[in-house]
Structures are given as C-alpha cells and as structure tokens.
Amino acid sequence: MSADDFIVTPWHVEGDIDYDKLIKQFGTEKISSELLERIKKITGEDHFMLRRGIFFSHRELTRILDEYEKGNKFFLYTGRGPSGHTHIGHLVPWMFAKWLQDKFDVNMYFQLTDDEKFYSKPNLTLDETKKFAYENALDFIALGFNPEKTKIIINTKNIKTLYPIAAEVAKKINFSNTKATFGFTNETNIGMIFYTSLQSAPCFIEDKPVLIPLGVDQDPHFRLTRDIAPKIGKQKPALIHNIMIPSLEGPGGKMSASDEKGTIYTTDSPSEVKNKINKHAFSGGQPDIEQHRKLGGNPDIDVSYQYLRIFFEPDDAKLKTVYEDYKSGKLLSGELKAILIEKINSFLAVHQENREKARAQIEEFLFEDK
RNA sequence: GGGUUCGUAGCCUAGCCUGGUAGGGCGAUGGUCUCCAAAACCAUCGAUCGUCGGUUCAAAUCCGAUCGGGCCCA
C-alpha cells in the first residue's frame, strides 16, 4: 500500500480514498463551483450527482463545453467490463450519462469489454463474459437511452470496426508505457498488454470531441489515450469522474461484482435486498440504542446513508432530514436501513420491468459494423 | 523446440528431502452481543493433496507418464 493508504487502479480499489489526494495523484482537475454553475446554466438543471460531488473530478470538461457553446457537438462514451451481473454501483455513471445525453442531445457509445474480462479473470471463459455482456446491456438499455443516438459496442462482436482504430493507437503505445501505467510484469498475458488500445478505440469512432463519464479507477486507460491522441491526429478525450461506490460491508474499497453479499445486483428480489441491507450494510450507529439516542450516529461512514446520498434520494430536503435525524440519534440504524430498502426496491421494481422490455429492444441498440 | 519451476478446501499456504490417508491463515456459515451492521467471543462447514499408472503392507510424500500454469533460452 502506498504512503497515502489507499489504492485505486482499474483492477483493484482498496482503502479509505482521499479524493483530494487522488486528484493530485492522478493529475486531474477538481470540479469547481464555477464549473458547476456553468453546467447548470447550459443544461438548465442542477444534477444532484454533480451538486453532491458524486462526480468530483474531470479532465478538460471545460474544452467540451467551450466547443459546445460554439455549436460543436461532442459525443459520449462509457463502458463496462462484463465480469458478472450489473450492480447498483455500475448504474451511477450510466444514469449520469443518460442525463448528459438528454441535456446535450448527443450520441452515446457503450463498450462492453468481454475480451478484457476474459484476459484478466483466470476463471472466466469467453462464452461467459459474452453472456454477461448481453445481461449488462439490458441494464444499460433499461435506463432509457435514446435508441436513435445510442450504440452498444461488444468488443468481440464489433472488432471489425474497432481494430483499425486500435491498431493506430497500439502503434503509439510501447510496453514501458503500459507497464508504468498498469504495473504489468512478464507474467501478464499479451491480451492485457494490447487491450488498452481497444478501450481507446471508441474515443475516435466519430470525428468529434468525446466526453467519458466513468469511475475514477478507470482513468489510467484514458491517460494513455490522451497521451497518444495528438500523435494520431485526434483530439484528447475529456473525462468526468465519479467516486467509488462503497461496498455494503464498509467504506473501504468499492462494490465488486464478485463479492455476492457486499453487493446489490439489479436482478435481486425485494427480499434479497432487504436481507442484504439488514444483514450486511455497515452502519455508523452506536453499539446500543441508549448510546445511539444520546450520542447519535455517523452518517458519513454509514453505507445506507451513503447510498441514499449517491443514488437513491435525489431530494436534498429529504436527504438533509435523514442526515440530521441520524446524526442526532432520533433515527436508528434499523430505521435508516428500512428507508433505503424501500427506496432500492421501488427503484428495482421499475428497473427490472424495463430490463425485461429491453430484451426486445437490444437489437436496435447493438452497433453494426459497416 | 530446449531448460527450469509450480499444481494441497473459494483464496493464500504448511507438510514432500527422512513414506503411515493433511495442519494453519483469510474467507464462508451459524450463534452470543447489538435498534442493525462492524468489532469481540464461541461454534460449524469445507480438500477423493491436477490426472493416470507403478513401487510398497502403506504415497500428498518415492518413480514414470500425462494435463495445466509461470519464467528463461531458441
């Protein structure tokens, strides 16, 4: 572990992340209050994920906005490594991307990196990652993206389109770059070594500026992409980063698709959600009810409260009430959990219905190679 | 193609030299305690020791073959 006591890489997140330090470490820019105002002015709306710092950092978002105000549209790109079912942490950047698409009326590309998960997970077969790619696509579509302006790229399926772009990128990245960025060693398979060039490819799929909303852990891929973009005569991709969504079991680390009990999947039933939250969600409460009434809870480390803040309670006034009541001891941890369970289950009821409908829509979303 | 090294529960690993059917850590599960969770403390589950064959009264342990992983060389 580094001197900073936290680790953030595309494959591993650990420790209590200090996001201000991470901004310095990664060399990104904090989303300033001026930038927030500017976005609000352009979109006419103050998105809670921006207001609350769920999206906290960016690279050259200002350039994207400059161009947009000149009348030059950009496009959006994000993705997912299909190593398992979708969980609610994945939905954060996707929902925000949906909002961006609505507000700016722009195209969206969603990349499913079935090859990369096959390379990086020893026990997954290509058939399995492909299967998860389709499952994950359903969750993405369920969020309501515009089918006219949204295309889903599956790496192994759309390689014909991706490969020529990836080749341009690959020629400009040498082994030292990837080793330094990702910590590759002699035992890393060569699929991984090449892979970052495929993840770069959608950045250049249209001849326009691109904005990528994503979890900050994925930033290193695009650091490389940004380095080489000018060398192949392209614009650097701009990024907007969200914080890591904590695992149910605690503030350290992030929600992981392979950690069953620390994770709420989009396919979980109401009783599974209830059970997982009650049985596993880390709380900021006191050891017993008397102390809790007296000393109050700590919402800042309470995972249930954090889920409300990050995702499930967009209403600031309601969130504030929960915060204050929990902090004062008026609201018990069990009661806070009940609020969250209700919120998640009513969200999932709608989502799961849309997810089923998405099965019929998937064909029109899938990218077709020319 | 040559060399070398490794293969023990979900993960990490002891034991192999000096044969007597496996021990630990993490994790998981249950309980106590909590308004929950965590922590703590109890308890439980979990391994045909990669596979096949040989030697032996007896093999994870010795021998052979084979499959799989890693590294080096070509």
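To find a chain, count down the sequence lines: A is the first, B the second, and so on, and within it residues start at 1. Quick caveat: nothing in here was measured; it's all calculated off a predicted structure.
Comparing B:C49 with B:C12, their C1' atoms are spaced 16 Å from each other, to the whole Å. B:U8 sits 15 Å from B:G69 when the C1' atoms are compared, rounded to a whole Å. Here, B:A47 and B:G25 have their C1' atoms 16 Å apart, quoted to the whole Å. The C1' atoms of B:C67 and B:C52 are separated by 10 Å, rounded to the nearest whole Å. For the C1' atom pair drawn from B:G68 and B:G50, the interatomic distance equals 8 Å after rounding to whole Å. With P as the reference atom, B:G46 and B:G30 are 16 Å apart, rounded to whole Å. A gap of 9 Å separates the P atoms of B:A22 and B:A60, to the nearest Å. Separating the P atom of B:U51 from that of B:A9 is a span of 10 Å, rounded to the nearest Å.
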Hey, mind stepping through A:S32 and A:E34 against side chain to side chain donor-acceptor pair (under 3.5 Å) and telling me if it holds? CA-CA 5 Å; A:S32 64; A:E34 292 77 26; 3.3 Å; yes
Report the C-alpha distance between A:K276 and A:Y265 in whole Å, list the side-chain angles of each, state the deciding distance to 0.1 Å, and finish with yes or no for side chain to side chain contact (heavy atoms under 4.5 Å, CB included). CA-CA 11 Å; A:K276 281 183 183 177; A:Y265 297 94; 3.5 Å; yes
Before you tell me yes or no, could you show the steps for A:V303 and A:H280 under side chain to side chain contact (heavy atoms under 4.5 Å, CB included), namely the whole-Å CA-CA distance, both residues' side-chain angles and the distance that decides it to 0.1 Å? CA-CA 10 Å; A:V303 171; A:H280 300 295; over 6 Å; no
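For A:K337 and B:C35, the NZ to C1' distance is 10 Å, given to the nearest whole Å. Taking atom CG of residue A:D325 and atom P of nucleotide B:C36, one finds them 20 Å apart after rounding to whole Å. Atom NZ of A:K274 is separated from atom P of B:A37 by 12 Å (rounded to the nearest Å). In this structure, A:E335 atom CD and B:U34 atom P are separated by 18 Å, rounded to whole Å. Taking atom CG of residue A:N298 and atom P of nucleotide B:C35, one finds them 19 Å apart after rounding to whole Å. Between A:K121 atom NZ and B:G69 atom P there is a gap of 20 Å when expressed in whole angstrom units. Between the NE2 atom of A:H280 and the P atom of B:A38 there is a distance of 8 Å, given to the nearest Å. In this structure, A:Y307 places its OH atom 15 Å from C1' of B:C36, rounding to the nearest Å.
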In 5'-to-3' order, the base (B), backbone-only (S) or no-contact (-) status of each nucleotide in nucleotides 3-11 of chain B, using a 4.0 angstrom heavy-atom cut-off, is ---------
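In secondary-structure terms, RNA chain B builds stems of at least 3 consecutive Watson-Crick or G-U pairs, each pair having both distances under 3.5 Å, at B:1-7 with B:67-73, B:10-13 with B:23-26, B:28-32 with B:40-44, B:50-54 with B:62-66.
We find that A:K171 and A:E168 are not joined by a salt bridge, their nearest charged nitrogen and carboxylate oxygen being 4.0 Å or further apart.
A side-chain N or O of A:S333 and one of A:Y326 form a donor-acceptor pair less than 3.5 Å apart.
The side chain of A:N278 places no N or O atom within less than 4.0 Å of a non-bridging phosphate oxygen (OP1 or OP2) of B:A37.
Counting only heavy atoms from C-beta outward, the side chains of A:R223 and A:R59 approach each other to under 4.5 Å. The closest side-chain heavy-atom distance from A:T150 to A:I141 is not below 4.5 Å. Contact of the A:E206 side chain with the A:V210 side chain is not registered, since no non-hydrogen atoms from C-beta on lie closer than 4.5 Å.
Evaluated for a ring pair (Phe, Tyr, Trp, His ring centres under 6.0 Å) with A:F110, the options A:Y77, A:F75, A:F140 yield exactly one hit, A:F140. For the side chain to side chain contact (heavy atoms under 4.5 Å, CB included) with A:P213, the qualifying choice from A:F55, A:W99, A:W94 is A:F55, the only one to do so.
A:Y109 contributes no side-chain N or O that, together with a main-chain N or O of A:C203, makes up a donor-acceptor pair within less than 3.5 Å. Counting only distance, with no hydrogens or angles, the side chain of A:N158 and the backbone of A:I154 share a donor-acceptor pair below 3.5 Å. For the pair A:N177 (side chain) and A:N174 (backbone), a donor-acceptor distance under 3.5 Å is present.
Distances were taken from every side-chain heavy atom of A:K279 (C-beta onward) to each of B:A28, B:C35, B:G30; the shortest belongs to B:G30. Of the candidates B:C36, B:C71, B:A28, B:C71 carries the atom nearest the A:N186 side chain, counting heavy atoms from C-beta on. Out of B:C71, B:A37, B:C35, the shortest distance to the side chain of A:E187 is found at B:C71.
Along RNA chain B, the nucleotide nearest A:Y326 and the nucleotide nearest A:N189 are compared for position; the residue whose nucleotide lies closer to the 5' end is A:Y326.
Proximity of residues 287-294 of chain A to RNA chain B (heavy atom under 4.0 angstrom from any strand atom) is restricted to A:P287, A:D288, A:I289, A:H292.
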